[in-house]
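These notes are about the structure you will find just below.
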Number of protein chains: 2
Amino acid sequence: MEKDVTIYDIARLLQLSPATVSRALNDHPAINSNTKHMIASKAKEMGYRSNMFASNLRRQRTSTIGVIVPRLDSYFMSTVLAGMEKVANDANYNLIISQSLESVRKEIANAKTMFDSRVDGLLVSLAADTENLDHFNTFFQKGIPMILFDRIMPQKNCTNIVIDNVKAGYDATSHLIEQGCRRIMHMTGNIKRNVYEDRLKGYKLALTDHGLAVDDALVQLTNLTRQDGLQLADHIKHMASPPDGLFVANDFCAVSCMGALKANGLSIPGDIAVVGFNNDPVSQVIEPNLTTVHYPGQEMGEIAAQSLINHLNGLLRINTTNTILLNYELVVRASSLRTPPAESC
Amino acid sequence: MEKDVTIYDIARLLQLSPATVSRALNDHPAINSNTKHMIASKAKEMGYRSNMFASNLRRQRTSTIGVIVPRLDSYFMSTVLAGMEKVANDANYNLIISQSLESVRKEIANAKTMFDSRVDGLLVSLAADTENLDHFNTFFQKGIPMILFDRIMPQKNCTNIVIDNVKAGYDATSHLIEQGCRRIMHMTGNIKRNVYEDRLKGYKLALTDHGLAVDDALVQLTNLTRQDGLQLADHIKHMASPPDGLFVANDFCAVSCMGALKANGLSIPGDIAVVGFNNDPVSQVIEPNLTTVHYPGQEMGEIAAQSLINHLNGLLRINTTNTILLNYELVVRASSLRTPPAESC
DNA sequence: TCTAACAAAGCAATCGGTTGCATAAAAATT
DNA sequence: AATTTTTATGCAACCGATTGCTTTGTTAGA
């Protein structure tokens, strides 16, 4: 447990002042480059590492970014975080990650912890039941920047990073229609959340655009759990006129539902064509493989982190930008593909 | 962007010294309880929050725990992290989480970042190809405690938290044998990692204990990806004498393999009974539901974090403890259940 | 040769809590 | 009443890096 090397140690050995050492290590222009090299190599030799606390205390910043996500256990989220980590590391920022487990209560607690940890900025994807951003007011008041991604909510001075969920929902639904579906069911999550609300909007829009009626009995609002998937299959089984297409706002739930539908003797995509959302690896495990909407998590994470860091470094004001839309892609697989395209209008 | 409240502000208003305020806020016994209450309420009223950096700087500790895991995107890992977060929050510790993405290179970089962040302790689950713990030497030298969980490696002065993978592998294999399987294949991961090595050991032990020969052609070492699952199914298809039982060390891979096996016309569990590992939600999505080994991630996370924190608080020396074994459970589902038990020896 | 301009480095205060030691006041003991 | 003990608080140094301002030394220009 030997003592840490400080800039004072380096200064003493090199007969310099700590100020010079500090400036040299921070590549300050007023320091002679020979001196810089000498200091840098000595520091390395002695195994010096900067004391972030002293530095943070003086600088009044932490080089730490807080991340709050609903859950960590999705393929999508893990790619997002990988992207954020990459960018943050490169820029010498640390990440503090916490999960709200889809509950505002926990989200509020997380926000408080982040605030007390004095993060320089915040990257947030909202919990299912978050209705307002009041718990982030302390951040807004102090001018601590915050970026919302994926699960967003309009907010002054706050950049949002998303895909166009309306359009994605529209495309998914249109695809089913093109495959000959005429009674398309949609199961989605809590429509307090933009992602689900928007996908629902897109779904409805696609129906009307193609001259199909919107039937509220065909829209199921659930929590998108495995259980919900099973229940939907059961529900479909007992419907007088069951749907011939199904658009589920989440792959995992779609897959569990597919299993139950098949068990009920329905053929997919023959009797009912299915489209999911997110391109979770599970979509390629189920038989038939699930058609789904892919969007790049890694990229979303990178962009979110980079935008925040640029803002912190004064390179980009995030309050002038406001929404960044990323591209998505409808990945057509067997669960929805009826060949040849049925055109039985 | 108003100025932060400090203990000096509180001291001035209350006509006390900063020292008293500091002690009061830390519940120091030498401070009168009336004074404590007065200070506490004033602090609350003024919206005081402690400056962790000043505190850390002086105390020479960070109240931060570093966590390095192979990946975040598994159900198991997310429950582990949830458990850690819970315990850490309650004990006023922060978590810094990073993923090695199964690569030593990244793991080394993560360890360095953690070291520079001066975490008080480390919770680690090793990457697939980690062969030694040299990159943690800086921690050992400084006496920074480290606990390994799940993916472990024997190390002096380092508590390990695991399940008995040998026994679990043994049980899984025995279960298949009891269901009448006589040619049991085992697919596992990199056997540099204890979890896979041990499950393999258990598999072999079960075979010999039941008088079955160990056939190396029936042991497949892969990366347990979806692709590997598909390839195994293909391989099985072309085997002269195919197996009648399959034990895969990972649910996701097992499930992808099952899909391909079924596509090849094999019936599960009739032609081939399958057991996975981890009790991933996907095991309940596949048809037939997958028999698997469940073990409590949340609990593992809680125990790991609590042990570390106890050690940091001097309540428990982790170098005296050494291995904590958690219970697991074989969850029997349809993928392996042949009723009535076939006894065709 | 003398001064202006610039480059390089040092001084010392600062960030906000923490803590060993000293002190003062009150309570207990003789 | 005098002394010891206990309780409650204050003083001031300290943790390690940063930075505005000053100083010293050097080079260029007059």
Side-chain angles (χ1 to χ4, degrees), chain A residues 1-40 42-43 46-64 92 94 115-118 120 142 313, chain B residues 1-40 42-43 46-64 92 94 115-118 120 142 313:
Chain A
M1 188 99 78
E2 72 260 21
K3 203 86 184 332
D4 264 317
V5 179
T6 71
I7 53 169
Y8 294 92
D9 301 327
I10 300 178
R12 196 171 342 102
L13 262 80
L14 258 37
Q15 309 258 51
L16 287 168
S17 81
T20 304
V21 175
S22 171
R23 290 200 176 92
L25 292 171
N26 287 303
D27 205 23
H28 191 287
I31 303 294
N32 186 294
S33 71
N34 294 324
T35 317
K36 277 185 193 167
H37 287 132
M38 160 166 295
I39 291 176
K42 196 72 184 174
M46 299 176 70
Y48 167 80
R49 56 178 179 154
S50 163
N51 186 318
M52 288 173 45
F53 305 106
S55 172
N56 289 339
L57 175 60
R58 182 59 224 252
R59 283 194 155 123
Q60 303 283 43
R61 50 176 243 173
T62 65
S63 298
T64 296
N92 279 313
N94 274 329
F115 189 67
D116 289 341
S117 304
R118 305 194 182 212
D120 288 342
K142 277 202 111 49
N313 294 333
Chain B
M1 188 102 76
E2 72 262 20
K3 202 86 182 334
D4 265 316
V5 179
T6 72
I7 54 169
Y8 294 92
D9 300 327
I10 300 178
R12 196 172 340 102
L13 262 80
L14 257 38
Q15 310 258 49
L16 287 169
S17 80
T20 304
V21 176
S22 171
R23 291 198 176 95
L25 293 171
N26 286 304
D27 204 21
H28 191 285
I31 303 294
N32 186 292
S33 70
N34 294 322
T35 317
K36 276 185 193 169
H37 287 134
M38 159 166 294
I39 290 176
K42 196 71 182 177
M46 299 175 70
Y48 167 81
R49 55 176 180 155
S50 164
N51 186 319
M52 286 174 44
F53 304 106
S55 172
N56 288 339
L57 175 58
R58 183 57 224 249
R59 284 190 154 129
Q60 302 283 46
R61 49 176 246 173
T62 65
S63 300
T64 297
N92 279 312
N94 273 329
F115 189 67
D116 289 341
S117 305
R118 307 196 182 212
D120 288 341
K142 278 202 112 48
N313 294 334

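Computed from heavy atoms alone, side chains included, the values below leave out hydrogens, waters and symmetry copies. Chain letters run A, B, ... following the sequence lines, proteins first, then strands; residues in each count from 1.
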Task: Leu16(B) vs Arg118(B), nearer the 5' end of DNA chain D by closest nucleotide - done: Leu16(B)

TODO: Between dG20(C), dG16(C), dT9(D), spot the one nearest the side chain of Thr35(B), thanks.
DONE: dT9(D)

Task: Interatomic spacing from OG in Ser22(B) to CD1 in Ile10(B) - rounded to 0.5 Å - done: 10.5 Å

Task: Rounded interatomic separation in angstrom, taking CD1 from Ile10(B) and P from dG10(D) - done: 14 Å

- [ ] Would you classify Phe53(B) as touching base, sugar-phosphate or nothing, given that sugar-phosphate means primed atoms plus P, OP1 and OP2, and contacts are heavy atoms under 4.0 Å?
- [x] nothing

TODO: Between dT18(D), dA9(C), dG10(D), spot the one nearest the side chain of Ala19(B), thanks.
DONE: dG10(D)

Open item on the list: On DNA chain D, compare the nucleotides closest to Arg49(A) and Arg23(A); which residue's is nearer the 5' end?
Closed with: Arg49(A)

Open item on the list: From the set dT9(D), dA9(C), dG10(D), return the single nucleotide nearest to any side-chain atom of Asn32(A).
Closed with: dA9(C)

TODO: Starting at atom NE2 of His28(B), determine the distance to atom P of dT19(C), rounded to an integer number of angstrom.
DONE: 8 Å

Open item on the list: Rounded to whole Å, how long is the line connecting atom CG of Asp116(A) with atom P of dG17(C)?
Closed with: 12 Å

TODO: Work out which heavy atom in Asn94(B) is nearest to a heavy atom in Met52(B); give both atom names and the distance.
DONE: ND2-CE, 4.0 Å

Task: Nucleotide nearest Ala54(B) (side chain, heavy atoms from C-beta), chosen from dA17(D), dG16(C), dT18(C) - done: dG16(C)

- [ ] Considering just the side-chain nitrogens and oxygens of Arg59(A), establish if one lies under 4.0 Å of OP1 or OP2 belonging to dT18(D).
- [x] yes

Open item on the list: From CE of Met52(A) over to C1' of dC15(D), roughly how many Å is that when rounded to an integer?
Closed with: 15 Å

- [ ] Would you please confirm or rule out a distance under 4.0 Å between OP1 or OP2 of dG17(C) and any side-chain N or O of Ser22(B)?
- [x] no

TODO: State whether Gln60(B) places a side-chain N or O below 4.0 Å from either non-bridging phosphate oxygen (OP1 or OP2) of dC14(D).
DONE: no

Open item on the list: Is it the case that the side chain of Arg49(B) and the backbone of Phe115(A) share a donor-acceptor pair, with hydrogens and angles ignored and the cut-off at 3.5 Å?
Closed with: yes

TODO: Let me know the distance between CG of Asp4(A) and C1' of dC15(D), rounded to the nearest Å.
DONE: 12 Å

Open item on the list: Measuring from the side chain of Ala30(B) (C-beta onward, heavy atoms only), which nucleotide among dT18(C), dA9(C), dT9(D) has the closest atom?
Closed with: dT9(D)

Open item on the list: So if I take every side-chain heavy atom of Leu57(A) and compare against dT18(D), dT18(C), dG16(C), which nucleotide ends up nearest?
Closed with: dG16(C)

Open item on the list: Of the options dG17(C), dG16(D), dA9(C), whose atoms approach the side-chain atoms of Thr6(A) most closely?
Closed with: dG16(D)

TODO: Using modelled atom types only, decide if a donor and an acceptor are shared between the side chain of Lys42(B) and the backbone of Ala11(B) within a distance under 3.5 Å.
DONE: no

Open item on the list: Taking only side-chain N and O atoms of Tyr8(A), does any of them lie within less than 4.0 angstrom of OP1 or OP2 on dC14(D)?
Closed with: no

- [ ] Please confirm whether the backbone N or O of Asn34(A) pairs with a side-chain atom of Asn32(A), one donor and one acceptor, at under 3.5 Å?
- [x] yes

- [ ] For the side chain of Ile7(B), starting at C-beta, report the closest nucleotide among dA17(D), dG10(C), dT18(C).
- [x] dT18(C)

Task: Whole-Å distance separating the CZ atom of Arg12(A) from the P atom of dA9(C) - done: 20 Å

Open item on the list: Does dT18(D) have its OP1 or OP2 closer than 4.0 Å to a side-chain nitrogen or oxygen of Ser55(A)?
Closed with: yes

Open item on the list: Counting the atoms with a prime plus P, OP1 and OP2 as sugar-phosphate, which does Asn26(B) contact under 4.0 Å by heavy atoms, base, sugar-phosphate, or nothing?
Closed with: sugar-phosphate

Task: Phosphate-side-chain proximity, Thr20(B) and dG10(D), N/O vs OP1/OP2 below 4.0 Å - done: yes

- [ ] Provide, to the nearest angstrom, the distance between the CD1 atom belonging to Ile31(B) and the C1' atom belonging to dT6(D).
- [x] 14 Å

Task: Inter-residue atom distance Gln60(B).CD - Ser55(B).OG, 0.5 Å rounding - done: 11.0 Å

- [ ] For Gln15(A) and dT24(D), give me the distance from atom CD to atom P, rounded to whole Å.
- [x] 18 Å

TODO: Taking the side chain as every heavy atom from C-beta outward, state whether Asp4(A) and Asn51(A) have any pair of such atoms under 4.5 Å apart.
DONE: no

- [ ] Indicate whether OP1 or OP2 belonging to dA17(D) is found under 4.0 Å from a side-chain N or O atom of Asn51(A).
- [x] no

